[in-house]
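This report concerns only the one structure given below.
Start at 1 and go down the list; that is how both ligands and their atoms are numbered.
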Amino acid sequence: MRALDLIIKKRDKQPLTKPEIDFLIAGYAHDEVPDYQMSAWAMAVLLNGMNDQEITDLTMAMAHSGEVLDLSEIGKLVVDKHSTGGVGDKTTLSVAPMVAACGLPVGKMSGRGLGFSGGTIDKLESIPGFRSNLSTDEFISQLKQIGIVLTGQSADLAPADGKLYALRDVTGTVPSIPLIASSVMSKKIAGGADAIVLDVKVGKGAFMQTLDEARELANVMVSIGNLSGRRVIAVLSPMDQPLGEAVGNALELKEAVELLRGKAPKDYRYHCMHLAAYMLILGKKAASMQEALAMAEATIADGSAMIKFEELIAAQGGDVSYIRELDRLPKARIHKTITATKSGWVRTVDAKEVGESSVLLGAGRSKKDDKIDFGVGILVKVKIGDMVAEKQPLFEVHANDEEKLNQVLEKLRNAVEIVDEPVEAPPFFWDVIGLNE
Ligand code: URA
């Protein structure tokens with residue numbers, strides 16, 4: 001078999017067989033298939049799609065490119081969550097400690113930034129010393145000891161996805177249902193959790209632009225999860241505007257920690273409380289949404305979620321003083337405010353423009369080996385539906401480079417639309433799939 005023939009087959013809209021997919025993924029994981037062939041193949045998949053059987057085979061091939069964890073020795077149900085990628089989506093950082101503080105172990109393998117969307121691992125690495133490349137033994141022993149793990153891909157866990165994910169980030173091959181579904185679910189299957197909450201984002205700042213596409217992605221992932229014996233819920237969340245206020249690594253980490261201390265933007269708080277509640281229901285810690293929401297709230301009120309987050313950071317080698325004194329986190333040199341040029345109601349805060357601006361400032365990558373600037377980013381000061389006055393702040397840009405700042409100022413000015421008529425705020429969620437309270 002040759003990788004070239006499989007690229008041609010996909011280019012010509014032919015389905016690939018399981019042995020062909022296994023060959024390609026194993027070859028890529030072992031550096032026998034080069035990046036340039038894998039990029040061409042990923043682009044052919046993006047353009048021509050895959051059928052359900054191919055998506056399942058691709059997921060399983062990537063999950064089995066490393067170890068698939070057996071977490072039965074933990075002796076408790078283990079839950080996991082995953083977002084399909086959004087702007088300002090720092091949910092895992094708040095939700096995982098909340099759920100773990102309720103006594104439900106959370107073992108999660110997260111990603112880095114992808115395209116214009118941020119990644120949990122990049123955000124966590126704003127903390128000096130934080131290790132995101134745990135071995136499987138470390139993963140399991142930490143989960144046993146403190147009930148929470150947030151790690152990135154390693155040579156052990158879904159390494160093929162780790163490589164393909166980084167390649168897709170810089171080759172324009174992110175927004176594809178087969179590639180996203182297999183990427184997310186291979187990590188979830190390899191991570192070994194029994195129950196998984198999927199957060200499928202839809203809108204301008206998501207890889208799925210319409211509710212129909214998001215629903216299709218959610219259904220594919222739920223069915224792959226169920227096929228592999230996992231309990232799965234998928235929520236469909238709007239992502240036309242950024243979630244919360246902060247976009248950028250250290251800024252988002254700070255906002256996530258502030259929520260654990262009881263202070264957060266309303267949309268971010270609502271989102272986190274509900275995701276935590278879905279995880280508690282799926283993990284059989286609560287029988288109803290009402291009970292689960294109360295449990296999640298209690299972890300903030302009694303400080304137990306914050307304590308759990310500190311335990312997590314310390315266990316993975318991070319310097320806890322950076323989350324105790326948030327001012328120590330990396331900061332940008334230049335702060336510039338963009339204000340409204342007229343009064344009215346906010347109709348658009350384009351999440352994609354904001355996400356791309358954050359990447360341009362240095363918070364993400366445009367080449368695989370680009371270094372992240374942890375301190376840069378954007379604070380979004382308005383939400384869709386808000387009434388604003390002329391000169392009211394819309395964005396606060398945190399930059400380290402004048403030239404990049406100027407490019408971004410222009411882009412952000414066009415990211416907001418203010419109209420003369422009142423505008424309805426979007427819902428917090430569009431739908432939930434697979435929830436049986
Ligand atoms: N999250 C992932 O893990 N993979 C994707 O492709 C998109 C979001």
Any non-hydrogen atom of S83 lying under 4.0 Å from ligand 1?
-> yes
Answer yes or no: is there an ion pair linking D5 with R2, defined by an N-O contact shorter than 4.0 Å?
-> yes
Could you tell me the residue and atom name of the protein heavy atom closest to atom 3 (O) of ligand 1, and the distance to it rounded to 0.1 Å?
-> K187 NZ, 2.6 Å
Side-chain ion pair, K204 and E353, N-O less than 4.0 Å = no
Below 3.5 angstrom, do we get any N/O pair linking T84 and ligand 1?
-> no
Single hit among I378, L251, L379 for side-chain contact (heavy atoms from CB on, under 4.5 Å) with E396 = L379
One finds that the ligand 1 atoms under 4.0 Å from a non-hydrogen atom of V184 are 1 (N), 2 (C), 3 (O), 4 (N)
Return the residue, atom name and 0.1 Å-rounded distance of the protein heavy atom closest to atom 7 (C) of ligand 1.
-> L114 CD2, 3.4 Å
Salt-bridge test for E311 and K308: reply yes if a basic N is under 4.0 Å from a carboxylate O, no otherwise.
-> yes
Would one find an N or O of S183, backbone or side chain, under 3.5 Å from an N or O of ligand 1?
-> yes
Lys/Arg-Asp/Glu bridge criterion (N-O < 4.0 Å) met for K187, D80 | no
Side chains of L124 and S132: closer than 4.5 Å at any heavy-atom pair?
-> no
Should H82 be counted as touching ligand 1, given the test is an N or O pair under 3.5 Å?
-> yes
